[in-house]
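Note that the structure is predicted; figures quoted are calculated from it, not measured.
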Amino acid sequence: MGLILVIWLIMIAAQWNTLPLSHHADLYHFQLPWWNYLSEHGFKGIATINQDINGNYGPIWYFIIVLFNKIGLYPALTVEHCIKLMTSILILICSLVAMRIVAINSKDKQHFNDILAFAIVIFSPTLFGDLFKTNLPDSFYYLFALLAILSVIKKLDWLGWLFMGVAISFKAMGMYILPTLFFIYLIRFNQYKLVNKLAPLFSIIGMFICAIPGIVFGMKPLEALLGNIISRSSKTLSIKFGFWRIFDGQSWIWWPTLNSYQQQQMYGFGLAILAIVFLGLYILIYATKNESDQYLSLWYLLVLSPLLFWFFLPAQHETYFGLSPLLSSLLFAQFPNRRNLVILLIANFFIWEGYHGFQQIFTPITYFYLILLLVAYLIYEIIKLSKIKRFFLAGPNLG
């Protein structure tokens, strides 16, 4: 493990001074103005930045930026170095949490599956791409999503939902683990004590905790809690990726003039497809009699869910399915076989290509069809484990 860390630190040092080539990059267009504004206005700027200079993130992000200023890291370090420092720490913690998740379920400690998880995650394209892009890191929501999964595995479901709420506050993509958490909530409900029966409410508490800096310094509670999510999802209606691009078949379209009814139709159609698909997957996983097979199916669901959300919701960007390749690392570390190795390699290839705009080898449309094939294969693996025919003949045996 020490050798892994040494190699990782060398890689961190090697890219420490890398910067975006374009002066239109988010670093220059968003980050520099935000950090300078909050450096000047301090904590009070958390409530005014979105109106004054067109900020579009939630209060928890701005609170962290102000903390960097208050403890002297900024402007002692440049904005890009502050971001890289933040991301490096998050990557290390993510890797340790991944290691813990796998360690809990490693029956044979001599196989070092947990060390394998640590090594794969710390060098994963998802996290290294996050480090390269010098924007506020997605690794915050990756971390809290992993903590949510760890908590649910340890049967601290209320804590898992709270962590998911925190993940959503950093990035709405934190909800991409929701289908798995909700399935586990349903099948465990009768075994729960009261606190776990109330687990979904803790996601709201997690979001409220992240909204506290905004509320304390002058934002309205609803604005601090949901304003950023509502604003970003309603203003960024594009069909550049996934199903919307395949359906259109042309160059990507930006739709700034949609009326509210048309917006609801777009989201409603995507959500309807997702609801049908997840209902089918729930039936399949519920039909899986063997406990270890059901656990494996849930990991396939974890890898699959971000791809499905990315595919069927509008307003997605190139790397919004980043949780999928990250979770495929844990899938392989727990179940190291050829099938899961192929899933790991393909999912991480897609996220690396996503960081390059899906333009390096194939056309974007080709990538989307290839991602659809991965989606189909993951569903196939869940079907194969479910033994659905025997389920309908004999009924489930889950207790």
Side-chain angles (χ1 to χ4, degrees), residues 120-121 123-130 132-133 138 142 145 171 173 176-177 179-180 236 238-254 266 269-271 273-274 276-278 280-281 284 296-333 335-385:
I120 297 174
V121 169
F123 293 115
S124 68
T126 297
L127 296 181
F128 254 94
D130 199 32
F132 282 130
K133 66 187 178 68
D138 290 341
Y142 296 147
K171 286 288 183 73
M173 293 87 77
Y176 291 175
I177 63 169
T180 305
T236 315
S238 68
I239 56 170
K240 187 175 181 180
F241 304 106
F243 167 81
W244 302 100
R245 177 69 179 271
I246 291 176
F247 183 75
D248 177 60
Q250 307 296 322
S251 59
W252 78 279
I253 296 174
W254 192 266
M266 281 186 73
F269 182 74
L271 289 171
I273 293 176
L274 288 169
I276 293 168
V277 172
F278 281 122
L281 291 171
L284 290 169
L296 176 56
S297 291
L298 288 171
W299 272 100
Y300 284 132
L301 181 63
L302 279 168
V303 176
L304 175 62
S305 294
L307 294 171
L308 288 171
F309 279 109
W310 182 85
F311 219 84
F312 290 111
L313 289 183
Q316 300 296 297
H317 288 187
E318 296 95 327
T319 58
Y320 278 14
F321 61 91
L323 261 177
S324 183
L326 187 63
L327 293 172
S328 73
S329 304
L330 278 71
L331 169 68
F332 175 71
F335 305 96
N337 55 44
R338 291 181 188 176
R339 293 190 303 275
N340 294 334
L341 176 60
V342 170
I343 292 170
L344 168 70
L345 294 175
I346 292 176
N348 280 279
F349 167 73
F350 286 148
I351 194 65
W352 190 249
E353 293 300 289
Y355 277 122
H356 293 85
F358 292 118
Q359 312 238 349
Q360 289 200 117
I361 302 175
F362 309 113
T363 63
I365 284 286
T366 304
Y367 282 107
F368 304 152
Y369 279 115
L370 292 173
I371 291 173
L372 189 57
L373 288 175
L374 177 59
V375 167
Y377 180 73
L378 288 165
I379 293 174
Y380 165 75
E381 286 295 334
I382 292 174
I383 293 171
K384 193 167 65 171
L385 287 167

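- Going from atom CG of L374 over to atom CZ of F350 covers 6.0 Å, rounded to the nearest 0.5 Å.
- The heavy-atom pair separating P364 from Q359 by the smallest distance is CG-NE2, 4.4 Å.
- Using a 4.5 Å heavy-atom threshold, the side chains of L308 and I273 count as separate.
- Minimum heavy-atom separation, S328 to N348: OG-ND2, 3.6 Å.
- Taking the side chain as every heavy atom from C-beta outward, F312 and L271 never approach each other to under 4.5 Å.
- To the nearest 0.5 Å, atoms CG (L304) and CG (L327) are separated by 11.5 Å.
- Ring to ring, F358 and F368 are close: their centroids are under 6.0 angstrom apart.
- Remark: W299 engages Y295 in a side-chain hydrogen bond (donor to acceptor under 3.5 Å, both in side chains) (not counting sequence neighbours).
- The heavy-atom pair separating L323 from P306 by the smallest distance is CB-CG, 3.8 Å.
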Handout entry: Worked verdict on V303 versus L330 for side-chain contact (heavy atoms from CB on, under 4.5 Å)
Key = CA-CA 10 Å; V303 176; L330 278 71; over 6 Å; no
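- Side-chain contact between Y355 and F132 is absent, with no heavy atoms from C-beta onward closer than 4.5 Å.
- Between Y142 and T319 the shortest heavy-atom distance is OH-O, 4.3 Å.
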Problem - Evaluation steps, side-chain contact (heavy atoms from CB on, under 4.5 Å), between L296 and L331 - result: CA-CA 8 Å; L296 176 56; L331 169 68; 3.7 Å; yes
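- Remark: F362 engages Y367 in a ring-ring contact (aromatic ring centres under 6.0 Å, His included) (not counting sequence neighbours).
- For the pair P125 and W352, the tightest heavy-atom approach, listed with the atom from each and the gap, is CB-CE3, 3.8 Å.
- The ring-ring contact (aromatic ring centres under 6.0 Å, His included) check on Y176 picks up F309, with sequence neighbours excluded.
- Between the side chain of T126 and the backbone N or O of P325 there is no donor-acceptor pair closer than 3.5 Å.
- With contacts defined as side-chain heavy-atom distances shorter than 4.5 Å, the pair F321/Q316 does not qualify.
- Legend: residues meeting side-chain hydrogen bond (donor to acceptor under 3.5 Å, both in side chains) with D130, ordered by chain and number and at least two apart, are K133, S139.
- In terms of heavy-atom proximity, L127 sits nearest to V121 at CD1-O, 3.4 Å.
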Expected list for residues 375-383: side-chain donor-acceptor pairs under 3.5 angstrom, two or more places apart:
residue: Y377; atom: OH; partner: E381; partner atom: OE2; Å: 2.6
residue: E381; atom: OE2; partner: K384; partner atom: NZ; Å: 3.4

Could you go through residues 337-345 and list every donor-acceptor pair under 3.5 Å that involves a side-chain atom there, pairing it with any protein atom two or more places apart or in another chain?
residue: N337; atom: OD1; partner: R339; partner atom: N; Å: 3.2
residue: N337; atom: OD1; partner: N340; partner atom: N; Å: 2.9
residue: N337; atom: OD1; partner: N340; partner atom: ND2; Å: 3.4
residue: N340; atom: OD1; partner: Y300; partner atom: OH; Å: 2.8
residue: N340; atom: ND2; partner: F335; partner atom: O; Å: 2.8

